[in-house]
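Encoded as structure tokens, the structure appears first; notes follow it.
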Amino acid sequence: MAKTINRVELLGRVGSDPEMRYTASGIAVTQLRLATDRGRRDGEPETDWHSVAVWGKLAEAVAEYVQKGQRLYVAGRLVQSSWEGDDGQRRYRTEVHAHEVVFLDPSRNGNGSNEYGNSDASTPADDDLPF
């Protein structure tokens with residue numbers, strides 16, 4: 001079998017605060033929407049919205065430290081699913097299952113910096129973070 005690749009890399013802004021829940025087996029999953037911009041032929045910007053799911057300890061960190069408007073780098077794989085809705089119609093969803101998330105804004109990146117870049121002793125040190 002020939003080698004195949006399913007890898008997605010996004011750098012964008014979070015569209016709304018992430019939402020975390022737990023699966024029936026107790027695994028954390030955090031959902032978020034990420035906006036990326038691109039230019040159209042007429043020069044006007046256009047925004048693409050991406051659904052992202054983060055799992056496990058990384059999901060807990062994203063839920064704690066990420067807020068609407070922050071810039072994130074997300075790497076993962078593309079996953080497609082389908083189901084039948086209550087109305088009998090087939091529904092489809094495509095989302096990125098992230099295995100790497102990098103917080104690009106220093107104001108809430110979990111490294112003890114506030115919006116001014118000063119250290120805050122009440123926040124955890126890098127070694128204490130779960131990612």
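By the rule that hydrophobic residues join a cluster once side-chain heavy atoms approach within less than 4.5 Å of another member, Val8 and Val74 end up as members of one cluster. Tracing side-chain contacts under 4.5 Å through hydrophobic residues (I, L, V, M, F, W, Y), one never reaches Met20 starting from Leu32; they form parts of separate clusters. When the side chains of ILVMFWY residues are joined at heavy-atom separations under 4.5 Å, either directly or via intervening members, Tyr22 and Val52 end up in two distinct hydrophobic clusters.
In terms of heavy-atom proximity, Thr94 sits nearest to Gln80 at OG1-CG, 3.6 Å. In plain terms, the two heavy atoms of Gln89 and Asp87 that are nearest each other are N-OD1, 3.0 Å. Of all heavy-atom pairs between Tyr73 and Leu104, the closest is N-CD1, 3.9 Å. The nearest pair of heavy atoms linking Ala53 to Val29 is CB-CG2, 4.4 Å. Minimum interatomic distance between Arg90 and Glu84 (heavy atoms only, all atoms of both residues): NH1-N, 3.3 Å. Between Asp105 and Arg71, the shortest heavy-atom distance links the atoms OD2-N, 2.9 Å.
Here CD of Gln31 is found 7.5 Å from OG of Ser51. Values are rounded to the nearest 0.5 Å. Rounding to the nearest 0.5 Å gives a distance of 9.0 Å between NE2 of His50 and CZ of Arg33. Summarising the geometry, atom CD1 belonging to Ile27 is positioned 11.5 Å from atom NZ belonging to Lys57; distances are rounded to the nearest 0.5 Å. Between the CZ atom in Arg7 and the CG atom in Leu78 there is a gap of 13.0 Å [rounded to 0.5 Å]. Here CG of Asp48 is found 9.5 Å from CG of Leu10. Values are rounded to the nearest 0.5 Å. Note that CH2 of Trp49 is 8.0 Å distant from CG of Leu34, once rounded to the nearest 0.5 Å.
The closest donor-acceptor contact from the side chain of Asp17 to the backbone of Lys68 lies under 3.5 Å. Judged by distance alone, with hydrogens and angles left aside, the side-chain atoms of Asp37 form no donor-acceptor pair with the main-chain N or O of Pro45 at under 3.5 Å. Under a 3.5 Å cut-off, the side chain of Arg13 and the backbone N or O of Gly69 do form a donor-acceptor pair. Of the possible polar contacts, one joining the Thr30 side chain to the Ala59 backbone as a donor-acceptor pair under 3.5 Å is found. Between the side chain of Gln70 and the backbone N or O of Gln67, at least one donor-acceptor pair lies under 3.5 Å.
Applying the 6.0 Å contact sphere to CG of Asp86 captures no more than 12 heavy atoms from other residues, nucleotides or ligands. The environment of CZ in Arg91 is crowded: more than 12 heavy-atom neighbours from other residues, nucleotides or ligands sit within 6.0 Å. By the neighbour-count criterion of 12 heavy atoms within 6.0 Å, atom CD of Glu19 is sparsely surrounded, having that number or fewer from other residues, nucleotides or ligands.
Defined by atom type and a distance below 3.5 Å, a donor-acceptor pair is missing between the side-chain atoms of Ser81 and Arg93.
Using a 4.5 Å heavy-atom cutoff, the side chains of Leu58 and Val101 are in contact.
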Step by step, work out the side-chain contact (heavy atoms from CB on, under 4.5 Å) result for Leu72 and Val102.
CA-CA 6 Å; Leu72 291 182; Val102 178; over 6 Å; no

